[in-house]
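Below: the structure, in structure tokens.
Indexing begins at 1, ligand by ligand and atom by atom, following the structure's order. For clarity, every value in this text was computed on a predicted model and none was experimentally measured.
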Amino acid sequence: KAKKSLMDDVVFYSQDISDDAAALLTISSELKQAKAQDQFELLLQPQVNIVSNQVVGAEALVRWHHPKRGFLTPDRFIPLAESTGSIRFVTEWVFQHAIRIIQNWREQGAEMTLSINVSAMELSNRKLFNRIAQAVKLDPTIASAITIEIVESAIVENIEFTKVLLADLRAMGFKIAIDDFGIGFSSLSYLSRLSVDILKIDRAFVNKMEFEKDLAIVRSIIGLAKNFNLSVIAEGIETQEQARTLSSLNCTKAQGYLFSKPISVDQFNKQYLDK
Ligand code: C2E
Ligand code: MG
Ligand code: MG
Ligand code: MG
């Protein structure tokens with residue numbers, strides 16, 4: 001059997017880029033250029049209060065309009081960006097543009113929250129941290145409109161370290177959500193040690209609630225959130241039935257294809273900003 005090579009990891013991360021070894025070497029410079037040339041785009045997926053049927057906010061999901069490879073979804077470049085350390089170009093761009101989206105909403109009189117996804121490894125990026133601090137110092141109310149989503153597994157891997165950083169972000173006014181909650185190897189004790197605001201129930205459980213065991217997991221997460229005084233939001237709602245089940249369990253917020261796929265900022269504003 002052949003020895004495991006670097007390329008095996010690359011294949012694992014991205015079929016796409018493994019076809020082209022040169023791309024691996026240039027991924028950092030490509031991402032840097034993508035940031036400078038605005039090749040990224042944030043699509044917005046509405047977050048809905050399923051009791052009042054009101055859109056209360058949105059999650060920003062990044063896309064890359066790559067000059068040669070075309071339209072790339074995050075699974076095709078985020079893992080590689082993380083492994084090469086060039087994820088910061090994505091994160092910096094996302095923060096800048098998230099702030100602009102919120103400023104634009106405010107100018108139009110809309111008070112909504114915007115969730116952005118941040119790789120946990122970025123939490124150790126002090127430079128980024130300072131820049132964010134600087135940006136929100138100019139207008140501290142911006143931070144209160146932004147929720148930072150971090151996946152559970154990444155938090156648990158380095159809990160002592162993450163604890164401090166999450167507390168710093170919260171002190172700046174950001175809200176913190178644990179993304180994909182339930183699929184990591186969570187221990188209850190970390191919830192009491194971390195300062196977080198929101199649990200996002202992973203889609204994997206939400207779309208299997210017809211099974212008693214998955215329903216039990218969803219019910220437990222909602223109960224957990226309540227006991228820890230956290231908000232809860234369900235991801236990946238695709239049917240009315242799922243929405244009904246969730247509201248019967250007192251989960252009032254959800255996002256998913258039932259309401260909308262991720263759409264462009266312009267489309268989102270046209271559809272959901274009441275003038
Ligand atoms: P996530 O944060 O858990 O985002 C939810 C994913 O589920 C999104 O995929 C979204 O399009 C998809 N989704 C939403 N509703 C439904 C539904 O009803 N059914 C199904 N089947 N899927 C649904 P997307 O946009 O491809 O993003 C994938 C992941 O990439 C995200 O998972 C997040 O972890 C990561 N990501 C996205 N944007 C960024 C970013 O700006 N920075 C970083 N570091 N990661 C990002
Ligand atoms: Mg997310
Ligand atoms: Mg998620
Ligand atoms: Mg995910």
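Stacking of K213 on the aromatic ring of F211 is not recorded, the 6.0 Å distance cut-off and the 45° axial limit not both being met. Stacking of R193 on the aromatic ring of Y190 is not recorded, the 6.0 Å distance cut-off and the 45° axial limit not both being met.
Taking backbone and side chain together, E235 holds an N, O or S atom under 2.8 Å from the Mg ion (ligand 3). Among the backbone and side-chain atoms of N117, an N/O/S atom is found under 2.8 Å from the Mg ion (ligand 2). Put simply, D180 stays out of reach of the Mg ion (ligand 2), with no N, O or S atom under 2.8 Å from it. At least one N, O or S atom of E59, from either the backbone or the side chain, sits less than 2.8 Å from the Mg ion (ligand 2).
Computed with the Mg ion (ligand 2) at the centre, the E149 OE1 to D179 OD2 angle is 90°, stated to 10 degrees.
Of the heavy atoms in I78, only side-chain atoms (C-beta onward) come closer than 4.0 Å to ligand 1. Contacts between L42 and ligand 1 below 4.0 angstrom, taking non-hydrogen atoms only, are absent altogether. With a 4.0 Å heavy-atom cut-off, ligand 1 is reached by no atom of K200.
Looking at ligand 1, you'll find an N or O of R203 within less than 3.5 Å of one of its N or O atoms. Here's the thing with Q255: none of its N/O atoms is less than 3.5 angstrom from an N/O atom of ligand 1. Polar contact check, T73 against ligand 1: no nitrogen or oxygen pair lies under 3.5 Å apart. Between E238 and ligand 1, at least one N/O pair is under 3.5 Å apart. Considering both main-chain and side-chain atoms, V62 comes within under 3.5 Å of ligand 1 through a nitrogen or oxygen pair.
Ligand-side atoms of ligand 1 in range of P262: 11 (O), range being under 4.0 angstrom from any heavy atom. Which parts of ligand 1 touch Q45 is read off a 4.0 Å heavy-atom cut-off, strictly below it: atoms 14 (C), 15 (N). Within ligand 1, counting atoms from 1 as listed, the ones closer than 4.0 Å to a heavy atom of G256 are 15 (N), 18 (O). Interface of S119 with ligand 1, defined as ligand atoms under 4.0 Å from a residue heavy atom, comprises 44 (N). The distance from ligand 1 to the heavy atoms of D179 drops below 4.0 Å at these ligand atoms: 1 (P), 2 (O), 3 (O). Close contacts of ligand 1 with V94, meaning ligand atoms under 4.0 Å from a residue heavy atom, involve 41 (O).
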Where do L166 and L123 land on the side-chain contact (heavy atoms from CB on, under 4.5 Å) test, with the steps shown first?
CA-CA 8 Å; L166 292 186; L123 296 177; 4.0 Å; yes

I'd like to know whether I222 forms a side-chain contact (heavy atoms from CB on, under 4.5 Å) with L199, so could you lay out the CA-CA distance, the side-chain angles of the two residues, the decisive distance to 0.1 Å, and finally the verdict.
CA-CA 9 Å; I222 294 165; L199 302 183; over 6 Å; no

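In this structure, a donor-acceptor pair under 3.5 Å is present between the side chains of E30 and H66. Q45 and E59 share no donor-acceptor pair across their side chains, judged by distance under 3.5 Å alone. Using a 3.5 Å distance cut-off with no hydrogens or angles, the side chains of R244 and T239 do not pair a donor with an acceptor. No side-chain donor from either of S264 and D266 sits under 3.5 Å from a side-chain acceptor of the other. Side-chain contact annotation: N104 with Q108, donor-acceptor N/O pair under 3.5 Å present.
Residue contact check for ligand 1: R63 places a non-hydrogen atom closer than 4.0 Å to it. In this structure, E59 counts as a contact residue of ligand 1, since one of its heavy atoms falls inside 4.0 Å of the ligand. Note on ligand 1: I237 sits in its first shell, one or more heavy atoms being nearer than 4.0 Å.
Atom CD of E241 sits in a sparse spot, with 12 or fewer heavy atoms from other residues, nucleotides or ligands closer than 6.0 Å.
Aromatic ring orientation, F95 versus F174: perpendicular (interplanar angle above 60°, classes split at 30° and 60°).
The existence of a salt bridge linking E41 and R63 is excluded, since no basic side-chain nitrogen approaches an acidic carboxylate oxygen closer than 4.0 Å.
Outside the 6.0 Å centre-distance limit, the rings of Y272 and W105 are not counted as a close aromatic pair.
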